[in-house]
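Please read the structure below before turning to the comments.
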Amino acid sequence: MSLFDDLSRFLESRLEEFLRNNPHLELEALLEQLREQEEDTLKLIAELQLQEKRSEDEILSTAQEIQKWHIRIQKAQAAGRQDLSTPAQEREAALLREGNQMWGHMQGLKERISQSQQLLHKIQQRRQEVQTKAAEAQTARTKAQTQQRLETHGWNAATNSNSNFDDLEDTFRNWETQDELAKLKRNMGK
């Protein structure tokens with residue numbers, strides 16, 4: 001495992017170095033990570049809301065059962081059937097405890113939904129901030145590339161101009177040399 005750990009650390013350090021040297025890619029990676037977190041949080045919220053709905057349905061069903069057993073207790077007591085009213089009261093008490101547990105579970109779900117929605121809001125804010133930074137970085141990179149192209153073009157133009165000036169220089173030298181030769185010939189012919 002040590003070799004694998006060493007390789008893993010080496011690759012992570014190279015990735016970090018690469019991202020530091022290419023900040024726009026680091027922002028893109030962060031944006032992708034935030035998109036995934038947002039998607040996971042949305043799925044979690046949907047799942048929690050589904051569980052909350054099931055919990056509400058179970059609570060309603062339990063409440064109806066409690067009501068049914070409460071009516072049975074009253075009937076048994078009115079008929080003087082203590083042998084039926086006592087177990088019915090125990091059943092009603094068990095259903096009330098169960099209902100209270102369900103209620104607590106549903107309240108926990110509501111709290112988790114609220115926390116997940118707050119987390120989603122924070123993720124969306126952070127994603128917006130990173131998108132803004134990424135846009136600024138893209139604008140700066142585009143400006144830098146444009147400036148570099150202009151400078152490169154200017155340098156190339158200057159180089160071309162210099163070569164044009166060199167041609168002009170050569171033409172003048174040839175002309176001046178020809179002129180000097182013509183003067184020498186004239187002077188020698190005198």
Side-chain angles (χ1 to χ4, degrees), residues 1 4-142:
M1 282 311 244
F4 179 73
D5 292 339
D6 291 343
L7 179 62
S8 179
R9 278 193 294 273
F10 171 75
L11 291 175
E12 285 177 19
S13 69
R14 295 293 296 156
L15 178 61
E16 288 173 7
E17 179 183 336
F18 177 76
L19 290 176
R20 276 194 306 274
N21 293 336
N22 298 287
H24 62 286
L25 294 178
E26 185 174 16
L27 289 173
E28 287 298 320
L30 184 56
L31 270 176
E32 183 59 31
Q33 186 179 27
L34 288 169
R35 277 188 213 107
E36 288 173 8
Q37 286 177 353
E38 183 177 3
E39 186 177 310
D40 291 346
T41 305
L42 285 169
K43 286 178 185 176
L44 176 63
I45 290 170
E47 178 62 32
L48 290 172
Q49 287 174 335
L50 184 62
Q51 289 179 22
E52 179 188 28
K53 176 68 173 126
R54 283 189 208 131
S55 183
E56 288 173 353
D57 291 345
E58 289 174 0
I59 289 170
L60 288 175
S61 175
T62 303
Q64 289 171 349
E65 272 299 295
I66 292 169
Q67 188 177 23
K68 179 174 82 173
W69 282 101
H70 188 72
I71 292 170
R72 286 180 174 173
I73 292 168
Q74 289 175 343
K75 282 183 185 178
Q77 286 174 342
R81 298 281 314 258
Q82 196 62 28
D83 62 321
L84 291 177
S85 70
T86 301
Q89 286 174 338
E90 290 171 4
R91 171 74 61 93
E92 181 185 39
L95 287 170
L96 283 169
R97 282 191 301 277
E98 188 179 326
N100 283 335
Q101 288 174 348
M102 288 181 199
W103 184 263
H105 178 71
M106 186 181 71
Q107 292 303 316
L109 288 172
K110 287 180 183 279
E111 181 62 28
R112 286 184 64 200
I113 290 170
S114 174
Q115 290 171 349
S116 297
Q117 288 171 335
Q118 290 172 3
L119 175 62
L120 177 64
H121 182 68
K122 287 178 183 176
I123 290 170
Q124 289 171 335
Q125 281 181 325
R126 179 72 175 129
R127 189 169 141 212
Q128 184 61 40
E129 291 169 5
V130 172
Q131 282 176 328
T132 301
K133 284 183 183 179
E136 290 170 358
Q138 177 64 33
T139 302
R141 203 167 58 253
T142 302

What are the two closest non-hydrogen atoms of [X] and [Y], and how far apart are they?
| X | Y | value |
| --- | --- | --- |
| Thr41 | Ser116 | CG2-O, 3.4 Å |
| Gln82 | Pro87 | O-CD, 4.2 Å |
| Leu95 | Trp69 | CD1-CD1, 3.5 Å |
| Leu34 | Ile123 | O-CG2, 3.6 Å |
| Met106 | Ser55 | CB-OG, 3.3 Å |

Inset, instruction - Calculate, to the nearest 0.5 Å, the distance between atoms CD and OG1 belonging to Glu136 and Thr132 respectively. - result: 6.5 Å
Inset, instruction - Give, for atom CE of Met102 and atom CG of Asn100, the distance between the pair rounded to the nearest 0.5 Å. - result: 10.5 Å
Inset, instruction - Give me the one residue out of Gln115, His105, Glu52 that meets side chain to side chain donor-acceptor pair (under 3.5 Å) with Lys110. - result: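 The passing option is Glu52.
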Legend entry - Positive for side chain to side chain donor-acceptor pair (under 3.5 Å) with Glu92, one of His70, Arg97, Arg72: His70
Kindly indicate whether the side chain of [X], heavy atoms from C-beta on, has any atom under 4.5 Å from the side chain of [Y].
| X | Y | answer |
| --- | --- | --- |
| Ile45 | Gln49 | yes |
| Arg126 | Leu30 | yes |
| Gln128 | Gln125 | no |
| Arg112 | Leu44 | yes |
| Gln77 | Gln89 | yes |

Legend entry - Main-chain N/O of Asp57 paired with Ser61 side-chain donor or acceptor, under 3.5 Å: no
Should [X] and [Y] count as an ion pair when the cut-off is N to O under 4.0 Å?
| X | Y | value |
| --- | --- | --- |
| Glu39 | Lys43 | yes |
| Glu32 | Arg35 | yes |
| Glu56 | Lys53 | no |

Legend entry - CZ/Arg91: more than 12 non-hydrogen atoms of other groups inside 6.0 Å: no
Inset, instruction - Count the heavy atoms belonging to other residues, nucleotides or ligands that lie under 6.0 Å from CD of Gln67, then report whether that count exceeds 12. - result: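 No.
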Inset, instruction - Go through the steps for Gln138 and Thr142 under the test side-chain hydrogen bond (donor to acceptor under 3.5 Å, both in side chains), then give the verdict. - result: CA-CA 6 Å; Gln138 177 64 33; Thr142 302; 3.3 Å; yes
